[in-house]
Protein chains: 2
Amino acid sequence: MTTKSSSQASTPLGTLANEVRLACMRISRRVRFESTDVIAPHQFSVMARLEDAPRTSRELAGIERVSAPSMSRTVAGLVERGFVLRQDDPTDGRQVILSLTPEGQAVLKDSRRRRDQWMAVRLKNLPAHEREILARAAEILSRVAGE
Amino acid sequence: MTTKSSSQASTPLGTLANEVRLACMRISRRVRFESTDVIAPHQFSVMARLEDAPRTSRELAGIERVSAPSMSRTVAGLVERGFVLRQDDPTDGRQVILSLTPEGQAVLKDSRRRRDQWMAVRLKNLPAHEREILARAAEILSRVAGE
DNA sequence: TATTGTTATACTCTATAACTATA
DNA sequence: TATAGTTATAGAGTATAACAATA
């Protein structure tokens, strides 16, 4: 449309959006299918949040955009399996501080390793210049996703 | 784009795999959250398969890697809503040929448009050279995901 | 009265096992 | 006997509504 600075004919914005989105969804789908994981996606996501910092159930529900009862159940399952620790907040009796146990940290690390393995095997077979493009794209996409 | 081998031993393979995977998952996650869709992800996926070509329930179950009863239910829901058409196979009475109705095609198109919209808005704000990187990355990632 | 969290209940998507109809 | 598909039943994950405990 407006931009013509590039020597090559730029991909129309709608088409590019579609291609980028589809590519990302295909990769996510394959990674999900290939990795035989100990924890489910939503559990992984919650544990990753707790890795950054201890949080309350309410905070997690807000971040993950699920209802309070749903998060309550997810957390209960992780506590039961020994991956998450519950501690009463000394300053506010209503709240419960949730954090990762060493077992939880190990599970999270192992889960990431399995997921990366599938991708690493495939990236290994790419020529160097394509890997360079993916490195740049990853930075751009992460920035876009965080907006 | 120039290859611009700024750093030959640039990103370690494991790190790159992690960054690319995370970037794709973040994009997928945001797209999923942002798009208020008429159809659920698994329904979208099935309808997209039928757009390529009419198929049987069994075929769809295999492609989508779900059980036959699960696919049976998913398809039943789409038929009930008028998005998918059932037709008895004249050569094999056991089989049922499934295909998209015009309504189904319209829903699929609309769903794609909504999903692309979120991405398009964000890509619009990127400089041209970054969009070029994403265009190339999309092609590479689609190839990798299809392996 | 407002907030944090849980329990009660229901809906959806998934699965395995058992069943019907056809080859 | 094998295959395509459905029905029966159960297990997760999600939601809203109602409840308890604390601020």
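Remember, predicted model here, so these are calculated numbers, not experimental data. We name chains A, B, ... by the order of the sequence lines, and we start the count at 1 in each one.
Qualifying side chain to side chain contact (heavy atoms under 4.5 Å, CB included) partners for B/E103, counting only residues two or more places apart in sequence or in other chains: B/F83, B/T101. The side chain to side chain contact (heavy atoms under 4.5 Å, CB included) search around A/D89 returns A/T91, A/D92, A/Q95, A/I97, not counting sequence neighbours. Taking the side chain to side chain contact (heavy atoms under 4.5 Å, CB included) definition, one finds that A/P127 meets it with A/H129, A/E130, sequence neighbours left out.
Residues A/V84 and A/S99 are not in side-chain contact: their nearest non-hydrogen atoms beyond the backbone lie 4.5 Å or more apart.
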Which pairs of donor and acceptor atoms, one on a side chain in residues 50-58 of chain B, lie under 3.5 Å apart (sequence neighbours left out)?
unit_1: B/E51; atom_1: OE1; unit_2: B/R112; atom_2: NH1; d: 3.3
unit_1: B/E51; atom_1: OE1; unit_2: B/R112; atom_2: NH2; d: 3.0
unit_1: B/T56; atom_1: OG1; unit_2: B/E59; atom_2: N; d: 3.2

Anything under 3.5 Å between a donor and an acceptor, one on a side chain of residues 70-82 of chain A, the other on a protein residue two or more places apart or in another chain? List them.
unit_1: A/S70; atom_1: OG; unit_2: A/S67; atom_2: OG; d: 3.0
unit_1: A/T74; atom_1: OG1; unit_2: A/S70; atom_2: O; d: 3.1
unit_1: A/R81; atom_1: NH2; unit_2: A/V38; atom_2: O; d: 3.1

Cut-off 3.5 Å, no hydrogens considered: what does the side-chain donor-acceptor table look like for residues 16-27 of chain A, sequence neighbours left out?
unit_1: A/N18; atom_1: ND2; unit_2: B/D116; atom_2: OD1; d: 3.4
unit_1: A/N18; atom_1: ND2; unit_2: B/D116; atom_2: OD2; d: 3.1
unit_1: A/R21; atom_1: NE; unit_2: B/D116; atom_2: OD1; d: 2.8
unit_1: A/R21; atom_1: NH2; unit_2: B/D116; atom_2: OD1; d: 3.1
unit_1: A/R26; atom_1: NH1; unit_2: B/S142; atom_2: OG; d: 3.2

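Across the protein-nucleic acid pair, B/R73 atom CZ and C/dT12 atom C1' stand 7 Å apart, rounded to whole Å. Separating the CD atom of B/Q43 from the C1' atom of C/dC13 is a distance of 10 Å, rounded to the nearest angstrom. The CG atom of A/L60 sits 9 Å away from the P atom of C/dG5 (whole-angstrom rounding). Taking atom CD of residue B/E80 and atom P of nucleotide D/dT6, one finds them 13 Å apart after rounding to whole Å. Rounded to an integer number of Å, the gap from B/E64 CD to C/dC13 P is 14 Å. C/dT6 atom P lies 12 Å from atom CD of A/Q95, rounded to whole Å.
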(request) Can you check each nucleotide of nucleotides 16-23 of chain C against protein heavy atoms at under 4.0 Å and return B for base, S for sugar-phosphate only, - for none, in 5' to 3' order? (result) BB----BS
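Contact annotation: B/S72 reaches the phosphate of D/dT6 (side-chain N/O to OP1 or OP2, under 4.0 Å). Contact check, A/T74 against D/dA12: no side-chain N or O comes under 4.0 Å of OP1 or OP2. The side chain of B/R86 contributes an N or O atom lying less than 4.0 Å from OP1 or OP2 of D/dT6.
Within residues 47-56 of chain B, the residues having any heavy atom under 4.0 Å from DNA chain D are, by residue number, B/T56.
Listed by first then second residue, pairs satisfying salt bridge (charged side-chain N to carboxylate O under 4.0 Å, His left out) with a partner in residues 61-70 of chain A read A/R49-A/E64, A/E64-B/R29, not counting sequence neighbours.
You won't find any donor-acceptor pair under 3.5 Å spanning the side chain of A/R58 and the base of C/dT3, going by distance alone.
A salt bridge is absent between B/R143 and B/E147; no separation between the charged side-chain nitrogens and carboxylate oxygens falls under 4.0 Å.
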